[in-house]
There are 2 protein chains.
Amino acid sequence: MSETNPDRVDESLIALRRILRATEQYERDLAAAAGLSPAQLRVLQIIAGKPDMTATPKALAQQMGVTQATVTSVVDKLVARGVVRRMPSETDRRQTNVILTVTGRAALEEAPDALQQRYVREFVKLADWEQAQLVASLERVASMMDAHKMDASPVLTVGAIDGAGKRK
Amino acid sequence: MSETNPDRVDESLIALRRILRATEQYERDLAAAAGLSPAQLRVLQIIAGKPDMTATPKALAQQMGVTQATVTSVVDKLVARGVVRRMPSETDRRQTNVILTVTGRAALEEAPDALQQRYVREFVKLADWEQAQLVASLERVASMMDAHKMDASPVLTVGAIDGAGKRK
DNA sequence: TTCGTTTGCTTCGCTTATCTAACTAACTCT
DNA sequence: AGAGTTAGTTAGATAAGCGAAGCAAACGAA
């Protein structure tokens with residue numbers, strides 16, 4: 001197994017890069033279309049992904065892999081745009097809950113998940129076994145990359161894909 | 001085939017996100033370690049990936065999916081750090097060639113590709129058929145995502161992986 | 001209960017990335 | 001030669017990100 005075809009590595013890296021780039025690019029376009037920046041959209045999506053539609057700055061920072069200071073500034077902008085609101089926690093008054101406003105929920109409806117669009121449409125067309133295969137591969141790659149970095153918190157969009165091909 | 005398990009889509013999206021996030025995070029760390037920012041590092045890598053170790057701002061902008069203005073500013077910083085140099089083109093004097101300096105090449109050696117680090121090491125451990133499987137899956141996903149967006153320019157690092165498991 | 005410590009968040013000052021619009025110089029085409 | 005196109009930069013904004021410092025609430029001994 002150590003006598004591997006080197007081309008394989010290249011090929012997989014190239015493919016990975018294409019995926020990365022396509023997604024990044026797409027994320028930017030999407031956010032722009034929704035009148036938000038990519039980071040802002042991400043925050044919104046994380047919050048929307050929570051069962052109670054709420055998240056503390058700390059949690060956001062962790063899931064996004066940035067500092068709290070950064071989250072504060074992004075949330076400031078979201079507040080200014082009226083898509084979220086800060087609600088001091090009842091139980092622990094050091095904490096703040098960032099919650100989605102109605103406007104915010106609407107904004108999210110407009111701008112669905114970046115990965116979706118192009119990708120999901122194709123994905124659902126595949127045969128069952130192919131999907132299974134793809135998922136397995138992706139998960140494998142993912143675990144190769146974030147090995148030690150725990151969490152891997154979902155962060156999917158709103159009503160996102162819970163109906164896959166059929167919804168919306 | 002249209003009666004697909006919806007969870008599959010979710011799972012694949014989650015995995016994709018993990019890959020994305022792991023890479024982004026890693027890119028930041030790496031760049032920081034090399035005293036460069038992620039964008040700067042990317043420019044360096046693209047240039048290094050060219051056979052002649054040179055690229056015009058226009059080409060860089062296209063490959064990175066940003067505007068030329070952005071490239072200008074990033075290149076400015078790279079020049080300030082002495083890792084690249086601007087060389088007016090001989091053939092078309094509107095064009096500028098951004099070339100790697102010796103220092104730049106050295107810097108790249110220090111800060112290898114983000115995807116590599118974490119991923120390649122694991123990849124080469126896999127059995128041959130598994131590698132083949134992964135490559136196929138990744139390429140499939142990639143093509144589902146960037147459908148019309150052509151290029152998919154390699155952009156591999158310096159001596160990158162041309163020896164895969166064996167080098168360095 | 002009352003300090004000292006930890007924790008959650010914000011503020012401040014700074015750097016970088018990114019965009020659009022405007023500008024300059026150099027090529028191209030007719 | 002003059003019009004239009006192309007490559008790059010400049011200028012001026014906004015946004016993301018960081019670290020350090022600050023502040024208030026909560027916690028944990030004593």
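Side chains included, hydrogens not; waters and symmetry mates left out as well; all remaining heavy atoms used. Quantities reported herein were computed from a predicted structural model and do not represent experimental measurements. Numbers restart at 1 for each chain; the letters A, B, ... are given by sequence-line order, proteins then strands.
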Query raised in the report: Does T70(B) place a side-chain N or O at less than 4.0 Å from the phosphate oxygens OP1/OP2 of dT18(C)?
Result: no
**Report entry** Minimum-distance nucleotide to K58(B) side chain [options: dG17(D), dT18(C), dA7(D)]
**Finding:** dA7(D)
Query raised in the report: Between S37(A) and T72(B), which has a closest nucleotide on DNA chain D that is more 5'?
Result: T72(B)
Query raised in the report: Roughly how far, to the nearest 0.5 Å, is CG of N97(A) from CD of E90(A)?
Result: 9.0 Å
**Report entry** Among dT11(C), dG8(C), dG17(D), the nucleotide that comes nearest once only the side chain of D76(A) is considered
**Finding:** dT11(C)
Query raised in the report: Within this structure, what is the CG-to-P distance between N97(B) and dT9(D), rounded to whole angstrom?
Result: 11 Å
Query raised in the report: Would you say a side-chain N or O of Q68(B) is under 4.0 Å from OP1 or OP2 of dT10(D)?
Result: no
Query raised in the report: Just to confirm, is there a sub-4.0 Å distance from OP1 or OP2 of dA16(D) to any side-chain nitrogen or oxygen of K77(A)?
Result: yes
Report task. Tell me which nucleotide among dT10(C), dG8(D), dA26(D) gets nearest to the side chain of D92(A). Result -> dA26(D)
Query raised in the report: Atom CG of L60(A) and atom P of dG8(C): how far apart are they, to the nearest Å?
Result: 14 Å
Requested in this report: Name the residue closer to the 5' end of DNA chain D, choosing between T91(A) and M64(A) according to the nucleotide with the nearest heavy atom.
Outcome: M64(A)
Query raised in the report: What's the CD-P distance between Q95(B) and dT5(D), to the nearest Å?
Result: 18 Å
Report task. Look at the side-chain N and O atoms of R93(B) and state whether any lies under 4.0 Å from the OP1 or OP2 oxygen of dA25(C). Result -> no
Query raised in the report: If you look at every heavy atom in A15(B) and A142(A), which pair is closest and at what distance?
Result: O-CB, 3.7 Å
Report task. Just call it for S73(B): base, sugar-phosphate, or nothing, with non-hydrogen atoms closer than 4.0 Å on any strand. Result -> base
Query raised in the report: Any side-chain N or O of R86(B) under 4.0 Å from OP1/OP2 of dG8(D)?
Result: no
Query raised in the report: dC23(D) phosphate, OP1 or OP2: any side-chain N/O from R94(A) under 4.0 angstrom?
Result: no
Query raised in the report: Quick one: do M87(B) and V98(B) end up in the same hydrophobic cluster if we chain Ile, Leu, Val, Met, Phe, Trp and Tyr together by side-chain heavy atoms under 4.5 Å apart?
Result: no
Report task. Figure out the CD/C1' separation between E24(A) and dT18(C), and round it to whole Å. Result -> 13 Å
Requested in this report: Let me know the distance between CG of L41(A) and C1' of dA15(D), rounded to the nearest Å.
Outcome: 14 Å
Query raised in the report: Contact class for A69(A) vs. all strands (heavy atom < 4.0 Å): base, sugar-phosphate, or nothing?
Result: base
Query raised in the report: T67(A) side chain N/O closer than 4.0 Å to the phosphate oxygens (OP1, OP2) of dC18(D)?
Result: yes
Query raised in the report: Would one find a side-chain N or O of R81(A) under 4.0 angstrom from OP1 or OP2 of dA15(D)?
Result: yes
Query raised in the report: Between E24(B) and R21(B), does at least one N-O distance fall below 4.0 Å, as a salt bridge requires?
Result: no
Query raised in the report: How long is the gap from NZ on K50(A) to OG1 on T56(A), to the nearest 0.5 Å?
Result: 8.0 Å
Query raised in the report: R28(B) CZ to dG19(D) C1': how many Å, rounded?
Result: 15 Å
Requested in this report: Nearest whole angstrom, please: distance from the C1' of dC9(C) to the CE of M87(A).
Outcome: 17 Å
Requested in this report: Pick out which of D52(B), I47(B), T54(B) makes a side chain to side chain contact (heavy atoms under 4.5 Å, CB included) with I99(B).
Outcome: T54(B)
